[in-house]
Chemist: 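Let me begin by handing over the structure; questions about it come next.
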Amino acid sequence: MSQRDLITYRKRGLLFWRSRDRVLAGGESTALVRSRPSKHSISRPTRTQEYFVEWNAERLGITVAESRARYVQSWNSIPKGHSGRAFEHFHGRCYDVFKVFADDSPREVMDAYKLHGHVHFLNMLTYPEPQWFEEDAVVKRLRGKSSATILDFGCGLAQQSRTLAEYLRDEGLQVRIVLADIPTVRKDFLLWWGKNTGIPLTFLECSPERPIPDLPPIDICFALEFFEHVYDPLAYFARIDQALTGGGMLVTNMSDHHKDFMHVSPKLGPLRQAVAASRYAEIFANFIYQKPNPA
């Protein structure tokens with residue numbers, strides 16, 4: 001996934017928020033953060049980075065201290081680490097160099113994601129994590145439930161959905177998390193996270209033969225920086241819409257994007273029209289939607 005900033009359809013949205021100023025129409029606010037590399041220092045690791053160090057230690061059969069040292073060494077091998085401009089250039093070069101094996105054409109795009117899985121992993125480890133709170137626009141719409149099923153489609157490292165699951169669990173809800181993505185090295189890490197936290201987790205594999213797996217009933221779906229990466233966004237939305245319960249939420253980004261490697265559907269106007277035709281309430285333009293309750 002490119003680290004390049006994306007352009008929003010209405011020149012507003014998550015990508016233009018200051019971290020302290022995520023205020024929605026009507027005065028609501030949300031903890032949601034941008035799904036792109038942040039500039040925080042490796043000396044102040046996120047919980048996801050700490051989880052990674054623990055997981056990698058178990059995977060390699062080394063101590064946590066050794067695992068941390070290897071991560072820091074990797075970070076310091078390039079100016080400003082895995083979130084800097086030099087890594088962005090390196091990442092782009094990887095795309096160019098390895099296109100000889102797999103590009104982003106319909107027949108090869110899933111192989112390309114697998115091929116670049118480790119570079120994507122390091123990139124996504126730098127994503128920020130939301131700090132959920134009681135009056136958050138997403139959290140309060142789940143209030144009153146005794147249980148919640150969270151789907152994250154095209155999950156990456158699932159920072160938004162995993163942290164929400166942990167928050168809701170700590171608030172006393174029975175939480176289940178479902179992740180749908182192409183199986184890369186990230187799958188093993190995410191399954192480890194589920195086992196480590198005790199939160200029931202299912203990983204649904206997307207494959208060329210079955211790009212859209214069967215989905216269980218869900219209360220909320222995260223599909224952030226996702227729809228521009230698939231060739232038929234409307235088919236994915238239709239399946240998600242079928243799975244969402246009445247009053248369920250879709251947290252996504254339906255803004256138009258730059259044409260770029262793996263941005264195979266950069267113009268999402270038809271998707272926005274389909275969501276509007278399905279009478280979803282727009283809580284935050286192009287990003288947070290709520291499905292209507294059955295009549």
Side-chain angles (χ1 to χ4, degrees), residues 1 31-38 45-61 64 67-68 70-71 74 82-83 110-130 132 138 148-170 173-207 210-216 218-226 229-230 236 239-240 243 251-252 262:
M1 186 181 301
L32 285 168
V33 290
R34 296 176 289 185
S35 292
R36 67 179 180 91
S38 67
T46 65
R47 189 70 183 108
T48 295
Q49 289 170 322
E50 292 285 7
Y51 279 135
F52 168 75
V53 167
E54 295 172 31
W55 167 78
N56 210 29
E58 290 187 22
R59 184 181 71 89
L60 296 173
V64 171
S67 178
R68 180 172 287 105
R70 287 172 68 152
Y71 183 43
S74 174
H82 304 143
S83 60
M110 288 197 180
D111 286 335
Y113 276 105
K114 294 178 181 179
L115 182 63
H116 296 284
H118 288 86
V119 179
H120 289 163
F121 202 140
L122 293 176
N123 179 10
M124 293 175 183
L125 280 170
T126 71
Y127 287 11
E129 297 175 342
W132 301 100
V138 172
T149 299
I150 303 169
L151 169 68
D152 198 328
F153 212 121
C155 61
L157 288 179
Q159 276 94 335
Q160 316 274 0
S161 55
R162 286 189 296 102
T163 53
L164 179 62
E166 290 180 335
Y167 177 87
L168 294 176
R169 176 202 59 189
D170 293 344
L173 273 71
Q174 293 182 339
V175 183
R176 176 190 178 198
I177 189 165
V178 179
L179 306 178
D181 209 334
I182 300 164
T184 69
V185 63
R186 290 180 284 109
K187 175 186 174 182
D188 293 338
F189 168 74
L190 292 166
L191 291 173
W192 175 92
W193 171 87
K195 182 179 179 181
N196 183 271
T197 60
I199 294 175
L201 182 147
T202 302
F203 191 100
L204 303 177
E205 294 190 0
C206 302
S207 66
R210 196 179 184 82
I212 311 176
D214 292 336
L215 302 176
I218 56 174
D219 298 291
I220 180 171
C221 173
F222 289 90
L224 286 160
E225 313 306 332
F226 167 71
H229 291 274
V230 295
Y236 285 84
R239 188 69 61 84
I240 291 169
V251 181
T252 184
M262 294 185 178

Chemist: Please enumerate all residues that pass ring pair (Phe, Tyr, Trp, His ring centres under 6.0 Å) together with F203, with sequence neighbours excluded.
Modeler: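 Counting only residues at least two positions away or on another chain, F203 forms no ring pair (Phe, Tyr, Trp, His ring centres under 6.0 Å).
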
Chemist: For a side-chain contact (heavy atoms from CB on, under 4.5 Å) check, start with the C-alpha distance between Y51 and T197, then their side-chain angles and the critical distance, and finish with the verdict.
Modeler: CA-CA 10 Å; Y51 279 135; T197 60; 3.6 Å; yes

Chemist: Any side-chain heavy atom of L125 sitting closer than 4.5 Å to one from T46?
Modeler: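 Result no, sub-4.5 Å side-chain heavy-atom pair not found.
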
Chemist: Rounded at 0.5 Å granularity, tell me how far NE2 in H229 sits from CE in M262.
Modeler: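 Nearest 0.5 Å value for the NE2-CE distance: 9.0 Å.
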
Chemist: Kindly compute the distance separating CG (L151) from CD1 (I218), expressed to the nearest 0.5 Å.
Modeler: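 If we round to the nearest 0.5 Å, L151:CG and I218:CD1 are 4.5 Å apart.
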
Chemist: Compare every heavy atom of S38 with every heavy atom of P128, then report the nearest pair and how far apart it is.
Modeler: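 Reported closest heavy-atom pair: CD-CB, 4.0 Å.
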
Chemist: Kindly determine whether L164 and I220 satisfy side-chain contact (heavy atoms from CB on, under 4.5 Å), including the steps that lead there.
Modeler: CA-CA 11 Å; L164 179 62; I220 180 171; 4.1 Å; yes

Chemist: Which heavy atom in Q159 sits nearest to a heavy atom in M124, and how many Å separate them?
Modeler: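 Distance-wise, the nearest heavy atoms are NE2-O, 2.8 Å.
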
Chemist: Is L179 close to L204 at the side-chain level, that is, under 4.5 Å between some pair of heavy atoms?
Modeler: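 No, side chains not in contact.
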
Chemist: At their closest point, which heavy atom of C206 faces which heavy atom of P213, and how far apart are they?
Modeler: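 Heavy atoms of C206 and P213 come nearest at SG-CD, 3.8 Å.
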
Chemist: What distance separates R34 CZ from E225 CD, expressed to the nearest 0.5 Å?
Modeler: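 It comes to 11.0 Å.
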
Chemist: Should the pair H120 and H116 be assigned to parallel (<30°), tilted (30 to 60°) or perpendicular (>60°) ring geometry?
Modeler: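 Plane angle between 30° and 60°, so tilted.
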
Chemist: Please collect all salt bridge (Lys or Arg N to Asp or Glu O under 4.0 Å) contacts where either partner lies in residues 189-207, sequence neighbours excluded, each pair once.
Modeler: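 Of all non-adjacent pairs touching residues 189-207, those that pass salt bridge (Lys or Arg N to Asp or Glu O under 4.0 Å) are K187-E205.
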
Chemist: Flag the pair F52 / F121 as yes when their ring centroid distance falls below 6.0 Å, and as no otherwise.
Modeler: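 F52 vs F121: aromatic centres under 6.0 Å.
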
Chemist: Are side-chain heavy atoms of F222 and I177 found at a separation under 4.5 Å?
Modeler: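 No, every pair of side-chain atoms sits at 4.5 Å or beyond.
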
Chemist: Test side-chain contact (heavy atoms from CB on, under 4.5 Å) on T202 and R176 and set out the steps.
Modeler: CA-CA 8 Å; T202 302; R176 176 190 178 198; 3.7 Å; yes

Chemist: Between R68 and E50, does any NZ, NE, NH1 or NH2 come within less than 4.0 Å of an OD or OE carboxylate oxygen?
Modeler: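 Here E50 pairs with R68 in a salt bridge, since their nearest N and O are under 4.0 Å apart.
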
Chemist: Less than 4.5 Å apart, any side-chain heavy atom of N123 and any of P37?
Modeler: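 Yes, side chains in contact.
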
Chemist: Counting heavy atoms not belonging to Q174, are there more than 12 under 6.0 Å from its CD?
Modeler: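 Counting other residues, nucleotides and ligands, CD of Q174 stays at 12 neighbours or fewer.
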
Chemist: Do D219 and I150 have side chains that get closer than 4.5 Å, going by heavy atoms?
Modeler: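 No; the side chains remain at least 4.5 Å from each other.
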
Chemist: Can you sort out the partners of R162 under salt bridge (charged side-chain N to carboxylate O under 4.0 Å, His left out), two or more places apart, ordered by chain and number?
Modeler: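 If we apply the salt bridge (charged side-chain N to carboxylate O under 4.0 Å, His left out) test to R162, skipping adjacent residues, there are no hits.
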
Chemist: Return yes if some donor-acceptor pair links the side-chain N/O of D181 with the main-chain N/O of G156 below 3.5 Å, else return no.
Modeler: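 Yes, the answer is positive, given that a donor and an acceptor are paired below the 3.5 Å cut-off.
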
Chemist: Enter the distance from L115:CG to T184:OG1 here, rounded to the nearest 0.5 Å.
Modeler: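 Interatomic distance, L115 CG to T184 OG1, rounded to 0.5 Å: 11.5 Å.
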
Chemist: Can you find a heavy atom in the side chain of L60 that is under 4.5 Å from one in the side chain of S67?
Modeler: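 Counting from C-beta outward, L60 and S67 never come under 4.5 Å.
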
Chemist: Who pairs with R70 by salt bridge (charged side-chain N to carboxylate O under 4.0 Å, His left out), at least two apart in sequence or on another chain?
Modeler: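 Partners of R70 under the salt bridge (charged side-chain N to carboxylate O under 4.0 Å, His left out) test: none.
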
Chemist: How far apart are the closest heavy atoms of L157 and L190, and which atoms are they?
Modeler: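 L157 and L190 have their closest heavy atoms at O-CD2, 3.7 Å.
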
Chemist: Is there a side-chain contact between V251 and C221 (heavy atoms, below 4.5 Å)?
Modeler: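 When only atoms from C-beta onward are counted, C221 and V251 do not touch, as no gap falls below 4.5 Å.
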
Chemist: Going by the rule salt bridge (charged side-chain N to carboxylate O under 4.0 Å, His left out), which residues pair with E58 if we only count those two or more places apart in sequence or in a different chain?
Modeler: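 So E58 forms no salt bridge (charged side-chain N to carboxylate O under 4.0 Å, His left out) with any residue.
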
Chemist: Using 4.0 Å as the upper bound for N to carboxylate O, is an ion pair formed by E54 and R59?
Modeler: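 E54 and R59: not salt-bridged.
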
Chemist: Could you give me the CA-CA distance, side-chain angles and deciding distance for Y127 and T48, then say whether side-chain contact (heavy atoms from CB on, under 4.5 Å) is met?
Modeler: CA-CA 9 Å; Y127 287 11; T48 295; over 6 Å; no

Chemist: Is there a side-chain contact between S161 and C155, using heavy atoms and a 4.5 Å cut-off?
Modeler: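 No, too far: nothing below the 4.5 Å cut-off.
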
Chemist: Partners of Y167 by ring pair (Phe, Tyr, Trp, His ring centres under 6.0 Å), sequence neighbours excluded?
Modeler: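 Expected list: none.
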
Chemist: Report yes or no: does T252 contribute a side-chain atom to a donor-acceptor pair with the main-chain N or O of A223 at less than 3.5 Å?
Modeler: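 Yes; at least one donor-acceptor contact below 3.5 Å.
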
Chemist: Measure centre to centre between the rings of Y236 and F153, then say whether the value is under 6.0 Å.
Modeler: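 Yes, ring centres under 6.0 Å apart.
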
Chemist: Quick one: closest heavy-atom pair of A165 and W193, and the distance?
Modeler: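 Heavy-atom minimum between the residues: CB-CH2, 4.4 Å.
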
Chemist: For Q160 and W132, does a side-chain donor sit closer than 3.5 Å to a side-chain acceptor?
Modeler: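 W132 and Q160 do not have a side-chain donor-acceptor pair below 3.5 Å.
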
Chemist: Got a second to check how far T126's OG1 is from H82's NE2, nearest 0.5 Å?
Modeler: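 If I round to the nearest 0.5 Å, the distance is 9.0 Å.
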
Chemist: About how many Å separate NE2 of H118 and OG of S74, when rounded to the nearest 0.5 Å?
Modeler: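 One gets 11.5 Å once the value is rounded to the nearest 0.5 Å.
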
